[in-house]
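Per chain, numbering begins at 1; letters A, B, ... match sequence-line order.
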Amino acid sequence: MNTSQDKVTDLKRAISKYVAQGSHISIGGFTVNRNPMAAVYEIIRQAITDLHLYAHSNGQGVDELIGAGCVGKLEIAYGGNGRFAPTCIRFQQAAQDGAILIEDYSNYQMTLRFLAGAMGVPFLPTRSSLGTDITDRWGFSEELRKDDPKLPDDKLVIMENPFGNWLDTSKVVLVPAINPDVTIIHVQKCDRQGTLRMEGLTFSDIEQAKSAKYLIVTCEELVDTSELREYPDQNQIPFFHVDAVVHVPFGAYPTACYRYYDYDPIYLNEYAEYAKDDTRFKDYLNRFIYGTSNHRELLDLIGQKRLKSIAADPRTGYASGLDRR
Amino acid sequence: MTKKKMKFDYSPREMMAIVAAREIKDGDIVFCGTGVSMLAAMAAKHISAPESVIIFETGAIDPKLEEIPLAVSDSRIMYGSSMNSGLADAFAIMQNQSTGQHVVGILGAAQIDMFGNLNSTTIGNYVNPTVRFPGSGGACDVASFVGKTIIFMQQEKRRFVTKLDYLTSPGWLDGPRGREKEGLSKGGPVAVITNMATMRFDENTKEMYLDGYYNGITPKKILANMGFGIDISRAHEIPPPSADELRILREVCDPQRLILG
């Protein structure tokens with residue numbers, strides 16, 4: 001909750017102020033789209049560890065945070081990245097090595113959990129996962145849940161429908177609210193106060209943003225308040241949820257940002273190659289993340305030619321005809 | 001190879017997409033994931049079911065799909081759609097009392113059992129897995145909610161198993177009353193489409209049986225590539241793709257062969 005008129009800061013400051021070792025965090029976007037990648041890379045540069053990460057299907061950002069050793073615990077629905085990684089490679093490796101603790105949910109359950117957090121209710125019901133191992137097998141131990149005051153005692157609770165068989169429903173699964181310490185999202189437009197506009201699909205960004213104690217917004221364009229207030233029905237999140245506004249062009253790169261740029265298939269394919277091998281993945285981190293001091297320097301490594309190749313076609317919102325093999 | 005055969009030569013993947021497309025009818029709301037399922041949904045719309053509607057779990061409703069998306073978050077599903085929303089809205093459509101039963105979900109997995117239950121989470125021990133897969137994503141939600149699901153699988157012994165290592169997405173659970181007992185929707189899996197065959201589920205027992213096999217494949221070969229036996233007495237050969245079906249799949253749906261390979 002923050003009503004200041006000017007929340008503009010730089011990414012280094014925003015991350016060091018709101019994200020600390022052991023923080024419970026969530027990031028916006030979905031697989032190859034609108035992940036707050038500049039912020040993810042800054043977390044990696046600052047070597048923040050033992051994060052408790054909440055994800056539905058955040059794809060690239062989640063895999064890089066895990067690969068860089070920033071994540072201790074993960075609550076997740078899907079660790080894949082479209083055709084670029086049917087299973088995210090560093091996520092898979094970490095799970096098989098036991099390097100991170102994982103609790104599995106479904107995408108809708110994670111969305112409902114953020115929504116519950118945003119609404120200020122302790123849980124929301126759904127019929128999803130009745131009769132499955134999502135309800136039967138728990139990744140976090142009872143002790144771990146009891147020891148961490150930020151975690152509910154139960155992964156989920158199955159309950160008889162308290163309204164009898166109302167709506168033809170005999171049982172429901174109650175999934176607990178999530179209130180992350182900080183959520184980070186990347187959006188197309190934002191003003192200095194935090195009024196913002198996402199274009200295209202919003203995924204679960206709105207629920208994630210409102211459920212968090214602190215919200216960092218990175219944006220393609222820092223625009224005048226008057227521009228966003230001319231069509232307020234197109235804005236999504238009350239500005240007082242926002243704590244930091246950071247202007248980062250290409251802030252979702254190498255994932256896509258609708259109407260601005262596409263995902264970079266070359267980067268994502270190369271990343272998958274690096275990720276397959278521990279030594280090569282270290283090389284990747286050293287060259288692209290630790291070897292650059294900010295997102296602009298990473299983009300300089302990629303070069304203008306590549307960035308131009310993924311520029312969005314104003315007609316479609318993506319790079320029409322882009323070679324994506 | 002004869003000239004005629006060359007002309008109609010097609011890959012198992014193309015056959016799978018077309019067989020799945022034939023399952024989709026006007027009035028269906030098709031939920032699709034990435035890969036072949038997306039192609040099947042696009043092919044259906046272009047070939048036989050122009051009044052089917054494609055939706056994605058990420059919230060896109062009836063997108064234009066001028067180019068093939070490589071993920072369900074691809075900006076290509078945002079262009080020319082009827083509306084773009086988010087996950088909360090998309091899954092509500094599937095759970096909604098008036099729309100949910102019209103949704104046809106297309107799913108894939110690492111393992112399947114004889115009741116069409118799916119594993120896309122882990123092989124081995126859940127906490128210390130031998131192999132970790134991506135997990136449910138929206139699959140468990142779809143399998144829990146919608147009117148019917150179609151499942152894509154590779155025909156391999158290690159994938160058709162008597163017992164799943166982890167039950168991610170519910171099929172018919174333990175038989176005819178399984179879903180009802182647990183409180184799930186009436187829907188459930190109707191077809192399993194592989195690179196060799198189509199299986200369906202017996203109306204009474206909900207056990208998988210062989211419904212059709214592709215040209216050049218025998219029921220015996222299919223059984224040899226499964227970890228459990230199924231009834232093959234009802235099996236027939238499935239007509240291969242027509243020239244028109246293949247043309248639309250190749251030229252309209254995936255001209256860059258991003259999914260078809």
Side-chain angles (χ1 to χ4, degrees), chain A residues 29-33 56-57 59 76-84 86-88 91-92 95-96 98 104-109 111-112 115 126-134 137 139 167-172 200-207 256 258 262-263 312 316-318 320 324-325, chain B residues 34-35 56-60 66-67 69-80 84-88 91 94-95 97 117 119 121-122 126-141 144-145 164 166-170 173 178-185 256 258-259:
Chain A
F30 198 99
T31 59
V32 298
N33 214 308
H56 39 81
S57 303
I76 192 168
Y78 188 75
N81 209 24
R83 206 211 48 185
F84 299 100
T87 304
C88 286
F91 157 78
Q92 181 174 49
Q96 290 170 190
D104 277 279
Y105 290 90
S106 70
N107 269 342
Y108 190 43
Q109 288 175 333
T111 301
L112 288 178
L115 178 60
T126 174
R127 279 181 302 234
S128 180
S129 83
L130 286 163
T132 73
D133 282 331
I134 290 179
R137 296 204 208 174
L167 227 75
D168 246 346
T169 302
S170 58
K171 289 178 207 172
V172 285
L201 295 166
T202 52
F203 308 119
S204 295
D205 282 29
I206 299 170
E207 294 83 359
Y258 186 55
D262 219 323
Y263 46 79
T316 59
Y318 56 83
S320 307
R324 294 178 290 147
R325 282 167 296 179
Chain B
T34 45
F56 290 90
E57 65 188 287
T58 43
E66 200 171 273
E67 288 187 16
L70 295 185
V72 298
S73 65
D74 198 311
S75 297
R76 283 155 190 79
I77 71 167
M78 305 180 192
Y79 166 62
N84 287 330
S85 58
L87 276 73
F91 286 113
M94 301 178 212
Q95 203 175 213
Q97 300 276 306
N117 303 304
N119 173 14
T121 305
T122 48
Y126 173 58
V127 180
N128 296 298
T130 319
V131 184
R132 172 73 209 201
F133 292 110
S136 160
C140 173
D141 306 309
S144 298
F145 299 151
L164 302 176
Y166 183 100
L167 199 169
T168 312
S169 305
L173 293 175
R179 293 180 66 91
E180 195 190 328
K181 273 187 298 189
E182 292 292 343
L184 293 171
S185 80
Q256 278 187 291
L258 292 167
I259 308 289

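Across A/Q109, A/R127, A/H56, A/K171, the residue that shares the most heavy-atom pairs under 4.5 angstrom with chain B is A/R127. Each of A/S170, A/S106, A/A312 has some count of heavy-atom pairs under 4.5 Å with chain B, and the biggest count is that of A/S106. Contacts with chain B were tallied for A/G80, A/S320, A/S57; A/S320 has the most, counting heavy-atom pairs under 4.5 Å. No other option in A/I206, A/L112, A/L167 has as many heavy-atom pairs under 4.5 Å with chain B as A/L167. The most heavy-atom pairs under 4.5 Å with chain B, out of A/T169, A/L115, A/T126, come from A/T126. Of the residues considered (A/F84, A/Y108, A/Y78), A/Y108 shows the highest number of contacts with chain B, using heavy-atom pairs under 4.5 Å.
A/Y258 meets the ring pair (Phe, Tyr, Trp, His ring centres under 6.0 Å) test with no other residue; sequence neighbours excluded. When the ring pair (Phe, Tyr, Trp, His ring centres under 6.0 Å) test is applied to A/F203, the partners found at least two apart in sequence or on another chain are A/F30.
Side-chain polar atoms of B/S75 and A/N33 form a donor-acceptor pair below 3.5 angstrom.
Of the atoms belonging to A/D168, it is side-chain heavy atoms, and not backbone ones, that fall under 4.5 Å from chain B. Of the atoms belonging to B/T122, not a single heavy atom falls under 4.5 Å from chain A. Within the 4.5 angstrom heavy-atom criterion, no atom of B/I259 approaches chain A. Both the backbone and the side chain of A/T132 come within contact range of chain B, each with at least one heavy atom under 4.5 Å from a heavy atom of that chain. Residue contact with chain A, scored on non-hydrogen atoms closer than 4.5 Å, involves the backbone and the side chain of B/Q95 alike. Both the backbone and the side chain of B/L70 come within contact range of chain A, judged by heavy atoms closer than 4.5 Å. Only the side chain of B/F145 comes within contact range of chain A, with heavy atoms under 4.5 Å apart. Within the 4.5 angstrom heavy-atom criterion, only backbone atoms of B/S85 (N, CA, C, O) approach chain A. Contacts of A/D262 with chain B are made by side-chain atoms alone, with heavy-atom separations under 4.5 Å and no backbone atom involved. Interface remark: B/S136 contributes backbone and side-chain atoms alike to the contact with chain A (heavy atom separation under 4.5 Å).
Judged purely by atom type and a 3.5 angstrom limit, B/S73 uses its side chain to pair as donor or acceptor with the backbone of A/V32. A donor-acceptor pair under 3.5 Å is formed between the side chain of B/R179 and the backbone N or O of B/S185. Of the possible donor and acceptor atoms, none in the side chain of A/T31 sits under 3.5 Å from a partner among the backbone N and O of A/G59. Side chain of B/N117 to backbone of B/L173: a donor-acceptor contact under 3.5 angstrom is found.
Shown are A/L201, A/N107, A/T202; of these, the side-chain contact (heavy atoms from CB on, under 4.5 Å) with B/T58 is made only by A/L201.
The side-chain heavy atoms of B/D74 and A/R324, taken from C-beta on, include a pair separated by under 4.5 Å.
A salt bridge links B/R132 with A/D104: the distance from a Lys NZ or Arg NE/NH1/NH2 to an Asp or Glu carboxylate oxygen falls below 4.0 Å.
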